Structures are given as C-alpha cells and as structure tokens.
Amino acid sequence: WGTGVRRLLAAQRPDVGEPYLLVSLGTGTSVLLAQGLSVSRVGGTALGGGTLMGLGGLLLAGAPFAEIISLGARGDRRRIDLLVSDIYRPGEIALAGDATAASFGKPQVHTSAPTPEDLANAIMGLVGENVALICTGLAAAHGVRRIVYGGSTLRGNGTLRLVLSLITAAFGREPLFLEDGEFAGAIGALELSGGFS
C-alpha cells in the first residue's frame, strides 16, 4: 500500500515530501508512517467503511453503501449529535459551540423520528471525526505535518472527506486526499512485482 501511495502521490502532488502519514480507510482504518525508504504501521482503528455499512444497515433499513453516501450528503448531523452549544453557554468553556459533545446524543430529545439523511450524515461524522482525531494525534506524536488519506471508503464520499479535512486542519495538520487511492495496494503490488517500468 505504501509503494502504491508513493506512486499515486508523485503523480498527483510531486511537491509533497516525506515524512507523512498514510491513512487507509477500508473496512477499518490503518495508519502508516512514510519516512525515507520505510513505511511502518503506527496505529489504526476499527472505525471505517465497515462501520458505515454496519450502522447504515442497522439504522437505514439495510441501505447499500452508495445510498448511505447519498443520504449523508443531504443530511445534517447537528440534529442527531449533541453539540457543545447544546450544553454550555457561549464562552463558558474553551470549545467551539458547533463541536460535537456526543455523537448520536440528541435523538432522545426529538419529538419526531430522525430522518435517514440526518442519520447517514451523523454516521459519517462519527467515523470521520474519530479517524481524524486518531490521525492528528499520531501525526503530532511522530512530528508529521501532512496526512494523506486514501482507501475505498472515500470513493465518491464528499461528506466523509469534508469531516476529515475540517478536523485535520483544525488540529494544525495538512490533509491530502489521493485520487484513486482505493487502488494503492494493487498499484504497489504491480510496481513491486516489476509490472511498471
């Protein structure tokens, strides 16, 4: 995967130097450090595309992945997530009012059932915020500024990309998204087997 990412990144952003974190959002999420000639795993989480599919299936009547993405793009997770501003008055604590205090923390106060769009958007927020928080923490621990995101879960998923981008930037890191990043493993295997000249 690391070899494939290097090739894709060289074509997309040749100005990007090492070190950087490589984040593969597949069924779960793996985080690797690219530095010099080595790529080593430094962390990860069980949150990823499998979480989107699992929660989407449970909360959205078995909706397929593409439908979860489509629904999420039209939703607003602020109607599902409990925000800091729902708990504290402005200026009472040093957190932005629109920061998430508790994912899925609001449904019990609704008088009507949440919409599928809002639920899908909240699922994206849950996964995106937590993945980005883990990655920015690992980036800080390894002294890395850039975080390169790829993997099949990001394909056509603007909502998840936006959450990852906002959280990553809020913690002082530069998010980069690989075009065709879901093919990094296959491209790397081809290159390592001598298939690229």
Side-chain angles (χ1 to χ4, degrees), residues 21 23 25-29 31 43-141 144-151 153-177:
L21 288 188
V23 181
L25 282 108
T27 304
T29 301
V31 184
T45 176
L47 294 171
T51 311
L52 296 179
M53 290 292 299
L55 288 176
L58 291 169
L59 299 174
L60 302 168
F65 189 69
E67 185 178 345
I68 297 168
I69 291 173
S70 177
L71 288 167
R74 300 189 308 270
D76 184 351
R77 66 192 180 106
R78 293 174 297 180
R79 291 189 277 250
I80 303 292
D81 292 346
L82 191 65
L83 305 179
V84 168
S85 62
D86 295 322
I87 303 170
Y88 297 101
R89 291 184 298 275
E92 195 172 349
I93 64 169
L95 285 175
D98 61 348
T100 305
S103 296
F104 286 83
K106 270 190 192 167
Q108 68 277 11
V109 299
H110 277 277
T111 56
S112 60
T115 67
E117 291 84 0
D118 292 345
L119 286 168
N121 193 273
I123 295 167
M124 297 295 176
L126 170 74
V127 171
E129 280 188 357
N130 285 283
V131 166
L133 287 170
I134 289 167
C135 292
T136 56
L138 288 168
V144 175
R145 189 172 69 85
R146 289 190 175 106
I147 301 176
V148 179
Y149 292 100
T153 306
L154 294 173
R155 184 71 166 182
N157 197 340
T159 304
L160 184 57
R161 283 180 180 231
L162 179 61
V163 174
L164 291 167
S165 183
L166 290 173
I167 299 298
T168 302
F171 282 86
R173 303 296 178 226
E174 180 187 352
L176 297 173
F177 294 91

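Keep in mind the model is a prediction, meaning the values are calculated, not measured. Just the heavy atoms: all of them, side chains too, but no hydrogens, waters or symmetry mates, feed the values below.
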Asker: Mind checking whether Phe177 and Ser165 have side chains closer than 4.5 Å, heavy atoms only?
Answerer: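 Sidechains of Ser165 and Phe177: in contact.
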Asker: For the residue pair Asp86 and Leu83, what are the closest heavy atoms and their distance?
Answerer: OD2-N, 2.8 Å
Asker: To the nearest 0.5 Å, what is the distance between CZ on Arg155 and CG on Leu160?
Answerer: 14.5 Å
Asker: Of Arg78, Arg77, Lys106, Arg79, which is the lone residue that meets side-chain hydrogen bond (donor to acceptor under 3.5 Å, both in side chains) with Asp118?
Answerer: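 Only match with Asp118 under side-chain hydrogen bond (donor to acceptor under 3.5 Å, both in side chains): Arg79.
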Asker: Using the rule given for side-chain contact (heavy atoms from CB on, under 4.5 Å), can you reason through Leu126 versus Leu55, listing the C-alpha separation, both sets of side-chain angles and the distance that settles it, and then say yes or no?
Answerer: CA-CA 10 Å; Leu126 170 74; Leu55 288 176; 3.7 Å; yes
Asker: Which residues satisfy the salt bridge (Lys or Arg N to Asp or Glu O under 4.0 Å) test with Arg146, sequence neighbours excluded?
Answerer: Glu174
Asker: CG of Leu162 to CD1 of Ile167: how many Å apart, nearest 0.5 Å?
Answerer: 9.5 Å
Asker: Where do Ala120 and Ile68 come nearest, in terms of heavy atoms and distance?
Answerer: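 Nearest pair, atom of Ala120 first, then Ile68: CB-O, 3.6 Å.
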Asker: How close do Pro114 and Ile80 get, counting heavy atoms only, and between which atoms?
Answerer: CB-CD1, 3.3 Å
Asker: With sequence neighbours left out, write down each residue that passes side-chain contact (heavy atoms from CB on, under 4.5 Å) with Ile69, or none if nothing qualifies.
Answerer: Phe65, Met124, Asn157
Asker: So which heavy atom on Arg173 is nearest to which on Pro175, and how close?
Answerer: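 So the minimum-distance heavy-atom pair works out to O-CD, 3.3 Å.
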Asker: To the nearest 0.5 Å, what is the distance between OG1 on Thr100 and CG on Leu82?
Answerer: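 Result: 9.0 Å between the selected atoms.
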Asker: Just by distance, no angles: are the side chains of Ser103 and Glu129 close enough, under 3.5 Å, to form a donor-acceptor pair?
Answerer: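 Glu129 and Ser103 do not have a side-chain donor-acceptor pair below 3.5 Å.
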Asker: When you measure from the side chain of Thr153 to the backbone of Leu25, do you find a donor-acceptor pair of N or O atoms at a distance under 3.5 Å?
Answerer: yes
Asker: Rounded to the nearest 0.5 Å, what separation is found between the CG atom of Leu58 and the CG atom of Leu119?
Answerer: 11.5 Å
Asker: Side chain of Thr29, backbone of Leu47: donor and acceptor closer than 3.5 Å?
Answerer: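 Yes; at least one donor-acceptor contact below 3.5 Å.
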Asker: Can you tell me if Asn121 uses its side chain to pair, donor with acceptor, with the backbone of Glu117 under 3.5 Å?
Answerer: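 Such a contact is absent between Asn121 side chain and Glu117 backbone.
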Asker: For Gly44 and Ile134, which heavy atoms make the closest approach, and how far apart are they?
Answerer: O-CG2, 4.5 Å
Asker: Would Phe171 and Cys135 count as a side-chain contact (heavy atoms from CB on, under 4.5 Å) here? Give the steps.
Answerer: CA-CA 10 Å; Phe171 282 86; Cys135 292; over 6 Å; no
Asker: Are any non-hydrogen side-chain atoms of Leu164 and Leu154 less than 4.5 angstrom apart?
Answerer: yes
Asker: Are the side chain of Asp81 and the backbone of Phe104 linked by a donor-acceptor contact shorter than 3.5 Å?
Answerer: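 It does hold such a pair.
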